[in-house]
Amino acid sequence: MKRPWPSLDRGLGELGLSDEFRAWVVENALAGIPVAELEATLVRGGVPLGLARREVRALLGSSAISAARALAERARCAEMVLALKARLA
């Protein structure tokens, strides 16, 4: 997993995952971690299966995730260009 596991003390909000856990899900999804693995990790960490599924699907189905994916891809491309320039220098 890319992002460190949040503290379970702040893991569950009143109606779902805390913002810290939501950020963990999004960052790891953008890093290419499969949905099933994200859900399984949440469950292993003490999040009920239904809540894990609902939250992951809601987060990854939001319109904001499309913009985040596009920005992440641009960042990856910029990193590759910089690495190539450094090799050629």
Between [X] and [Y], which heavy-atom pair has the shortest distance, and what is it?
| X | Y | result |
| --- | --- | --- |
| Ala52 | Val47 | N-CG1, 3.8 Å |
| Ile65 | Leu60 | CG2-O, 3.2 Å |
| Arg22 | Leu17 | CZ-O, 3.0 Å |

Mind checking whether [X] and [Y] have side chains closer than 4.5 Å, heavy atoms only?
| X | Y | result |
| --- | --- | --- |
| Leu42 | Val25 | yes |
| Leu84 | Met80 | no |
| Cys77 | Arg74 | no |

Decide whether Phe21 and Val35 are clustered together by the hydrophobic rule: side chain heavy atoms of Ile, Leu, Val, Met, Phe, Trp, Tyr closer than 4.5 Å, transitively.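 Yes; tracing contacts between hydrophobic side chains, which count when under 4.5 Å, links both residues.
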With sequence neighbours excluded, what pairs up with Arg57 under the salt bridge (charged side-chain N to carboxylate O under 4.0 Å, His left out) test?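 Applying salt bridge (charged side-chain N to carboxylate O under 4.0 Å, His left out) to Arg57 gives Glu39.
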Can you tell me which residue pairs pass the side chain to side chain donor-acceptor pair (under 3.5 Å) test with a partner in residues 78-89, sequence neighbours excluded?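 Qualifying pairs: none.
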Starting at CG of Leu59, measure out to CZ of Arg54 and round the result to the nearest 0.5 Å.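 Between atom CG of Leu59 and atom CZ of Arg54 there are 12.0 Å.
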Hey, are Arg69 and Ser66 close enough side-chain-wise for a donor-acceptor pair under 3.5 Å?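 No donor-acceptor contact under 3.5 Å links the two side chains.
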